[in-house]
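Residues take their numbers from the sequence shown, with the count starting at 1. The structure displayed is predicted, hence computed values, not measured ones.
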Amino acid sequence: MVDNRYATALVIGSVLSLLATVYLSVAVGTQQWFQYSSKHVDKTGNGTSPRERLMADDWEEKNFSDLLLQRNGTLGLWWRCIQLPSESLWYREPDPKMETFCVAFTLPQQFRAIPKAPGNGEPEEDLLRTYLWRCQFLLPLVSLALVFLSALVGFCACLCRSFTPTLGVGVLHFLAGEISKSVLSLKLIKHDVHLLGPGAEGSVGWSFYLALISFPLQMMAGALFLWAARSHRKSYTRIAAYRIA
């Protein structure tokens with residue numbers, strides 16, 4: 001039989017874990033991790049050339065960063081978006097309405113090597129930037145996988161009517177929280193402040209803040225699971241020793 005305090009801790013921990021999973025999943029699937037804004041936005045033309053540049057398979061990081069700056073774009077873990085003028089069938093508006101155009105990163109683009117000096121034949125690979133680029137989208141998936149694994153362990157613990165696996169659930173949540181924190185740090189390190197020219201600004205978006213919220217929720221859920229597991233184990237040990245005596 002489980003004490004009410006431990007049952008309450010498990011329920012609260014489960015709710016926090018569910019909220020953290022939802023927030024992190026939404027953050028991974030959206031494109032508002034980093035926002036570029038420029039005071040001088042190009043609103044002329046039909047946007048054909050920027051579309052082609054954004055959709056190019058042989059893109060270079062510096063090129064699409066310049067495009068995001070010129071078009072007030074946003075960057076996510078799996079998406080890159082720019083602002084383009086809406087196309088009118090009848091006439092060209094002097095101040096057209098801007099629409100968001102997004103393109104998803106392909107797996108080859110996510111795993112590509114980033115050169116130190118692009119455009120010079122076969123440039124040397126920049127290992128630091130390459131692994132930062134790869135880890136920023138791999139680690140959130142690892143964090144979510146750990147949370148789902150902990151949910152599976154907790155479900156098996158319920159079927160077996162055992163409280164011991166709760167300790168493992170807490171450890172997995174702590175690991176997921178640390179990985180989420182690493183993702184946030186990598187995302188901040190990854191963005192080059194020196195790429196922002198005069199009149200241009202960059203800031204983190206709401207997707208980043210969702211991931212930021214999920215990190216403490218995962219840590220609090222892990223702490224509750226660990227406290228419930230250890231406290232229940234101590235209580236059970238004392239009761240068993242009393243019965244033996």
Side-chain angles (χ1 to χ4, degrees), residues 1-34 74-79 104-105 110 134-190 204-243:
M1 183 176 181
V2 180
D3 189 276
N4 289 335
R5 295 175 300 169
Y6 310 144
T8 303
L10 291 179
V11 172
I12 296 176
S14 300
V15 172
L16 293 177
S17 176
L18 179 61
L19 289 175
T21 303
V22 171
Y23 288 155
L24 186 58
S25 300
V26 173
V28 170
T30 51
Q31 63 272 11
Q32 300 290 334
W33 279 78
F34 199 81
T74 59
L75 184 64
L77 301 182
W78 291 89
W79 297 89
F105 289 107
Q110 293 282 29
R134 295 174 182 176
C135 289
Q136 71 175 357
F137 82 94
L138 284 176
L139 290 182
L141 301 181
V142 174
S143 179
L144 290 174
L146 289 176
V147 174
F148 283 115
L149 178 60
S150 66
L152 180 61
V153 172
F155 179 73
C156 294
C158 293
L159 293 179
C160 299
R161 296 184 179 181
S162 174
F163 212 84
T164 305
T166 309
L167 186 65
V169 173
V171 172
L172 289 175
H173 275 82
F174 264 114
L175 291 176
E178 289 296 330
I179 292 176
S180 298
K181 183 177 68 174
S182 301
V183 172
L184 299 174
S185 302
L186 289 176
K187 198 62 180 177
L188 291 177
I189 296 174
K190 178 68 180 60
V204 295
W206 57 265
S207 299
F208 180 90
Y209 289 113
L210 283 180
L212 184 62
I213 295 174
S214 70
F215 154 64
L217 292 179
Q218 289 174 333
M219 301 298 286
M220 287 188 292
L224 286 172
F225 287 134
L226 289 177
W227 175 83
R230 295 193 62 183
S231 300
H232 181 268
R233 185 175 181 180
K234 290 181 180 179
S235 177
Y236 179 81
T237 302
R238 287 196 299 266
I239 294 175
Y242 175 77
R243 288 179 178 178

Taking only residues two or more places apart in sequence, or in another chain, which ones meet S182 in a side-chain hydrogen bond (donor to acceptor under 3.5 Å, both in side chains)? none
When the ring planes of F137 and W78 are compared, do they come out parallel, tilted or perpendicular, using 30° and 60° as the limits? perpendicular
Which residues pass the side-chain hydrogen bond (donor to acceptor under 3.5 Å, both in side chains) test with Q31, not counting sequence neighbours? none
Are M220 and H173 close enough, and set up right, to give a side chain to side chain contact (heavy atoms under 4.5 Å, CB included), and what steps lead you there? CA-CA 9 Å; M220 287 188 292; H173 275 82; over 6 Å; no
So does A176 get a backbone contact from the side chain of S143, meaning a donor-acceptor N/O pair under 3.5 Å? yes
Quick one: pull up CH2 in W206 and OG1 in T30 and give me the separation to the nearest 0.5 Å. 4.0 Å
Could you measure the distance from the CG atom of L75 to the CD atom of Q136? Nearest 0.5 Å is fine. 7.0 Å
Within the side chain of W33, is there an N or O that forms a donor-acceptor pair under 3.5 Å with the backbone of W79? no
With sequence neighbours left out, what residues match F215 under ring pair (Phe, Tyr, Trp, His ring centres under 6.0 Å)? none
Worked verdict on F34 versus S207 for side chain to side chain contact (heavy atoms under 4.5 Å, CB included): CA-CA 8 Å; F34 199 81; S207 299; over 6 Å; no
Result for side-chain contact (heavy atoms from CB on, under 4.5 Å) between Q218 and one of L24, I179, L16, I213 points to L24
Side chain T21, main chain S17, donor-acceptor under 3.5 Å: yes
Between atom OG of S150 and atom CZ of F148, what is the distance when rounded to the nearest 0.5 Å? 9.5 Å
